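This report concerns only the one structure given below.
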Protein chains: 6
Amino acid sequence: MYLDLSEAELAEYQSRQGDPADFDEFWAGTVGQARAAAHPAIVTEAVPQLSTVTLYDVTFTGFAGQPVKAWLRLPADADPAHPLPAVVQFVGYGGGRGDAIENLLWASAGYAHLQMDTRGQGSGWSRGDTPDEGASGPQVPGVMTRGIDSRDTYYYRRLITDAVRAVDTARDLEVVDASRVAVLGASQGGALALAAGALHEGVAATVARVPFLSDFPRASVITDDYPFKEIGDYLAIHRQKADAVMATLQYFDSVNFARRGRVPALFSVGLMDPITPPSTVYAAYNAYAGEKQMSVWRYNGHEGGGPDDDLAALAFLADRLPRVAPEGP
Amino acid sequence: MYLDLSEAELAEYQSRQGDPADFDEFWAGTVGQARAAAHPAIVTEAVPQLSTVTLYDVTFTGFAGQPVKAWLRLPADADPAHPLPAVVQFVGYGGGRGDAIENLLWASAGYAHLQMDTRGQGSGWSRGDTPDEGASGPQVPGVMTRGIDSRDTYYYRRLITDAVRAVDTARDLEVVDASRVAVLGASQGGALALAAGALHEGVAATVARVPFLSDFPRASVITDDYPFKEIGDYLAIHRQKADAVMATLQYFDSVNFARRGRVPALFSVGLMDPITPPSTVYAAYNAYAGEKQMSVWRYNGHEGGGPDDDLAALAFLADRLPRVAPEGP
Amino acid sequence: MYLDLSEAELAEYQSRQGDPADFDEFWAGTVGQARAAAHPAIVTEAVPQLSTVTLYDVTFTGFAGQPVKAWLRLPADADPAHPLPAVVQFVGYGGGRGDAIENLLWASAGYAHLQMDTRGQGSGWSRGDTPDEGASGPQVPGVMTRGIDSRDTYYYRRLITDAVRAVDTARDLEVVDASRVAVLGASQGGALALAAGALHEGVAATVARVPFLSDFPRASVITDDYPFKEIGDYLAIHRQKADAVMATLQYFDSVNFARRGRVPALFSVGLMDPITPPSTVYAAYNAYAGEKQMSVWRYNGHEGGGPDDDLAALAFLADRLPRVAPEGP
Amino acid sequence: MYLDLSEAELAEYQSRQGDPADFDEFWAGTVGQARAAAHPAIVTEAVPQLSTVTLYDVTFTGFAGQPVKAWLRLPADADPAHPLPAVVQFVGYGGGRGDAIENLLWASAGYAHLQMDTRGQGSGWSRGDTPDEGASGPQVPGVMTRGIDSRDTYYYRRLITDAVRAVDTARDLEVVDASRVAVLGASQGGALALAAGALHEGVAATVARVPFLSDFPRASVITDDYPFKEIGDYLAIHRQKADAVMATLQYFDSVNFARRGRVPALFSVGLMDPITPPSTVYAAYNAYAGEKQMSVWRYNGHEGGGPDDDLAALAFLADRLPRVAPEGP
Amino acid sequence: MYLDLSEAELAEYQSRQGDPADFDEFWAGTVGQARAAAHPAIVTEAVPQLSTVTLYDVTFTGFAGQPVKAWLRLPADADPAHPLPAVVQFVGYGGGRGDAIENLLWASAGYAHLQMDTRGQGSGWSRGDTPDEGASGPQVPGVMTRGIDSRDTYYYRRLITDAVRAVDTARDLEVVDASRVAVLGASQGGALALAAGALHEGVAATVARVPFLSDFPRASVITDDYPFKEIGDYLAIHRQKADAVMATLQYFDSVNFARRGRVPALFSVGLMDPITPPSTVYAAYNAYAGEKQMSVWRYNGHEGGGPDDDLAALAFLADRLPRVAPEGP
Amino acid sequence: MYLDLSEAELAEYQSRQGDPADFDEFWAGTVGQARAAAHPAIVTEAVPQLSTVTLYDVTFTGFAGQPVKAWLRLPADADPAHPLPAVVQFVGYGGGRGDAIENLLWASAGYAHLQMDTRGQGSGWSRGDTPDEGASGPQVPGVMTRGIDSRDTYYYRRLITDAVRAVDTARDLEVVDASRVAVLGASQGGALALAAGALHEGVAATVARVPFLSDFPRASVITDDYPFKEIGDYLAIHRQKADAVMATLQYFDSVNFARRGRVPALFSVGLMDPITPPSTVYAAYNAYAGEKQMSVWRYNGHEGGGPDDDLAALAFLADRLPRVAPEGP
């Protein structure tokens, strides 16, 4: 059922999230430190192997040089002599990179596919292998309030930096054409795609399905669904911290990354989604500064378009990241 | 949590399901009629296409010659000159064949992969396109009690026949080596795999994960989870039909198909599964007459081993259905 | 609690459901075919019998001449020499005609009472005995999406035709005065009463309590309660079929039957009803073209007025269908 | 699902409820006081009236001479010259006598039907009109713990006395044959039937469906369903009162009334009933001292046999309370 | 999540609850009768005793002279020569006065602390020892509808009178300075504080956290949470009593007591509270006629400010009821 | 309801948890490192202050010298010249030390009361202020699986060490008699009390209510309640880690601390507790090597005895830790 704004209101909705003056400085500093601490990625063949796709286990360095896992999946006939376009994928809340043999679509469609693990998660609906190193204050179970009292200690500072570094990693692969790299994800993965698309100049296209972390001022009071509700749970106990928490969240809101969007972006939204309510998705979409389009699913919740979103992404990426690079004259 | 027999009891458990004298006759007649009414399958290329896998839309004739949909997925380099081993997959309750671009594992692993649609379902968690033609009496929502007053009108008579015909269809494909065809599925799909493996002599191996439809006399009273509970709901209203319903179910119980198992079979079970409780899975496993092995997942529910079940199946099939047919002398 | 429009808004609310140009043609054709295929009803005494009411088992022919069950209950002293007014009753979603000894009010009040069974349901809260013959595509459990891809195959085409034929059947009984026949039901039964009242010229009065199937465009997005939600579940998977489904539903919407209402009608509504939300009931009521009145229950859900609705119907029918036919001059 | 003893264990199960030495004395005193304070019942015609059944509003005096409401329903042709057998009915937890036009089965079947209201309840699923006069200590919402610290103040002391007085009232009616009076009820109503059948020598037969209030020592720890759970809720707070409460309950346990059963009794049980779990029903049944039979419903919960229990009761009462009194020689 | 009016609307909201002309007369009569029937309180030392606080068991006479329990907690060095300010506390729905050793804050902060028991409740989350003597009609479990058909028999007439008498009792204690007595409570306790503060001229300050019983016309239709929902449950069955019930509730609505507020009052509200929705709290707050302040908790439900409300109350009372009485000249 | 072993079985139940040979070595090393890194506690007056109790904010060093918060509450007349017995309290899962003005019982009863905060929790039902510094792998929300792949990184290694250090801290206070220090807690707090009581030789008595973390081999499969279920959730995804996880948990199981119990211990258990099921509590109790007693609450869940457990602890501690130290000769 519809519990949010009407479609007409959604089309016009503007978040009241503030845009801190030092937003870009904060992120430039954070990403810069990560790059300064970076080591080359370690890439090894996974077990077992398949026939049409080759699977690799990847360890790259993310926030503050900390190790982060990923899977790299390539068409079996991939050849550095003909670099491939790439899809860097981020995962939804609670999940990890899963198993190497899962999620074969993008490599089967001819892309180099780098799927980043999610630090400290990866135990909910798909498994992960990456710890979250970093201090955490008192917190609600989950990661939404881990270190939330300060932008410097907040969990998503670390995770978003990992995402930017995943793009670096993909672009550094010999088999990848660094000019044709897209970021893609759903929910938390969609938020990471928006963030990486804004923070990394090498991204060529962004696919953000039912993106999360968007419009905290509204999201924190219009839904009782988790994980947004973790914030409300925290403030229900730490009543005196509401201002500090809201100040922290400005630096991580998808709305602020969207305001910095440059590349073509494909969004999707489920109008019956209680987890990332439609107005929060439109908050990011309406703020998005680059070329954009939205798939609207009128009878769906947080699953959005499911395989229909995949089909739309295949078409969108085929246009923006042609599988065969255009030849020069 | 554990709600069923202990592991020691599970290992010994024998279902008290009866084995009707005319079971084989009933099924021979039903399958025979379907084959008598059969037409050649129609195979067309699907849209869109991928790079490493080729996708086909298939319509074959199932029960009573009625049309049934399927997807055929082949490695892009498949070549009738070198026929492939095949995996025929059946789907869990509520789902359908899904979308062509989903479920790429088996073709990526080098198999011809035929995924059968599920008549009259395909609207729950994955979509389908096959109607269920056939009279139905009063029934509980779902298909568990559709036509259940008689073995002749029962829904699963039609669906199991479709599954046998799907094996026929796979074996008839030029690109398939008819001697290396496996059946595979989870839950309802596992029940169909057991049934097709028992009813079709051309099956070479069976993978039945957390198989459903097993041990109705016990299953109907030890769980309140759907879809088994549909039977209880029906009998709670149609109190006078308990004997007739239980008589019908004898002809469709996975236990009776397992008693007729011939080929090597890989089972799995989740010891915390309330949907196909472990004793019902062991009822089939312990009754299975052929070579068999069981993956036991101690902390899982109905999801069983998930990707770990996939890994186990890849290994199991690699042994039984070698991707390259053994050469003759 | 109130989750829908305010009372003032309800009083003014108009559904935006379209009224197809060939609506009447479609139904005239469908009903005509059923009558062309009709056979005389079979009426036999039920077991056991009571003292003050006589109970009969009825089989009449409904859609396409298919057999449909019903109960006929008569005051024990009924006498064809003094034909009685009749109440034809339809049943709510999931239920069937129940048992002969249930539901004795209408016969005890002096009416011939024909209670129609509900094809393919009758296994939820009261039992039924009538199968639903007819093809069905992929569907969500329940009957709301059975055959919904086309008006011709949709389940409610068959059920509404049965309802019209039940009126034929009642009027054909020797003991009934064909000029004093009312239709009555709650929820799905109320929808059937509105449909039969519009489609059958021989109906003299309509009682539609908390009528269902009303205002699909709004109902499909303002409640998560079943059975309306079956439609949303279907479209959440079959995303590409939304237009086709909505086109089908125009031919079955209570709003369109209400627009064709001629006879005096008694409605009721529960202002806290999440199953047939008040605005959907008012959508039919406000559209009703004949004389009408509404019982508003401010603190009730889908049960509406319960026995108070019975008392209101007794009074309403006593006025419109006097138990003793007016004497001629 | 089955959560209680196996069928074999149920057949042998004996409650460990104690039988207090002064049980009979306590009840003789209580009933004696009520009769000493009794006034003649007031019987007036109800509004509206039906055709085949005549409806009366009754006020009789129950516990301590307090007024209690009831409905009397008679076949329209009832005649004191030919006194009728009678059914005195008691109602389930939370409900009241309902509306006069409801519940027409027994009068339609030829019985004088007196349906007693339930003091202080009658606001849950059917309405009532009788207050519960009497002091109550601290209590859990509901009536299970009202005054439970002492047998003298316990709610059910008052309600059971009302039930005995309802039998007095029915037998005093001119239109009733005092030698052919049955008591009947389901759940709480079944408990009252067992109690009245034991305490009142004028009862000729007892129908106790899924009887409640049985085997408190076991019932209080084997189910979390209400209303039994009210006792657990009370003792979870009033931890020091467990012995006093259990001492009180001995005087109200259906097991102790069953031990005093004399007349033929028809029980029923739902083997999946969490509200009156099967072992608690068998506790009363197995203890029943008179002629007895049990309808076992294997797939039902607390609804038991529903209309099938009605059919069984009609047959049972037709044997024990013939509608036409046997003629003398 | 927010389900009620916006903050801007809350600030302006005015309840449409009527103010009966004889409201003051009704309460003056009721309280007068209680005082006329009053006996001196009985105060005895509790077991066990603590070191820094002395605990007393109190029995005073409330409504109609009926006995009501309370705890009196005093700082161990309390001395009648230097009378203390006092806090009279009332308890939330379902609870009782609890145990003597609980709830030590107010005595530890230097107040004489009288905590009143809640008649007929005290079995939910804290225990009580006070019965509710008085007739009750048919009712929903709980006390919200006990005797609700008339203002004279309504449960809250008795409980509010007890609260006024608790203030009498505190002021009569030798160790208390009768000019410095505050009333305090949360939820139902907050409603009693508002009522006692309005009805008793000797109250010097009122603390009403998330007060209950406020704005029945709105509260009865905007939440499904208990205990407000008990009223809806009652009227869903007793449909014909809606006007009578609403007429009764006018005499017990916190809004009408707030309209009579004189002393400084501290309120609190949780903006996500479904039990006493914010608009009902603001209904009382906006109507409050005396000096007032409100603690607004944006992310809390019915727990409101929890310990932060305690801290606010300590500060509020320290100003209004200085622990050392101001010296005279 | 009872879902676990019978009372007779509970009395005999012995956990099958293994006792690793290097258990004592592991803990000696861990605690030794913490003490080596320790700094003196920082103690400052809290705001606001009360009259009869003085409140202090404490920061001591716990695991690896990391800062941990606590509250110290003293009777206002505490005097180092007459050192007090002390109660060191640990908090249940999700909670923190709360607010200074809460939890006044122990100081009011004459004890020095040190209430330790819970690192990284303190956002659930009471607030905390202590971060959890330390690496964490992929994990389920909560702390049960944080770092669980190794005993060295497991969360409870850090928290239990904090608890031992809290005892050090209390004993170092001038106002405390180091020979009369008890540890106390419920649930997680009870587990910490058992651990600190076993690991710290200076503890004189232990109060462990409904202790948690006990008997992991059984607990992990007999309940679906959190937080035990976090372990099952983790192993449902990380299927291959079951042995490693179970090996880690041996070092943290209350059973193994109980086997090392020396001082008198008071336990409690709720026989209807699904969170720390009774058999897991008895697993620790039956293994406890020192003098012991158990309060059994037959109708309680995880709340156990609530205030009745407080009363029992007051009596137990009054015997073991007399408030006035015994005088010498």
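Quick note on labels: first sequence line is chain A, next is B, and so on, each numbered from 1. Computed from a prediction, not measured in an experiment: that's the story for all the values here.
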Next on the checklist: How long is the straight-line distance from CG of B:Asp129 back to CG of C:Asp149, given to the nearest 0.5 Å?
Outcome noted: 9.5 Å
Checklist entry - Which value, rounded to the nearest 0.5 Å, describes the distance between B:Ser123 atom OG and C:Arg146 atom CZ? => result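 That separation rounds to 12.0 Å.
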Next on the checklist: Under a 3.5 Å distance rule, please check whether C:Arg127 uses its side chain to pair with a backbone N or O of B:Ile237 as donor and acceptor.
Outcome noted: yes
Taking side chain as everything from C-beta outward and backbone as N, CA, C, O, which of these in [X] sits under 4.5 Å from a heavy atom of chain C? Side chain, backbone, both or neither.
| X | value |
| --- | --- |
| B:Gln139 | both |
| B:Gln240 | side chain |
| B:Arg239 | both |
| B:Thr118 | neither |

Next on the checklist: How close do C:Pro141 and B:Gly142 get, counting heavy atoms only, and between which atoms?
Outcome noted: CB-N, 3.4 Å
Checklist entry - Minimum heavy-atom separation for B:Pro138 to C:Gly122, with atom names? => result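 Taking B:Pro138 first and C:Gly122 second, the nearest heavy atoms are CB-O, 4.2 Å.
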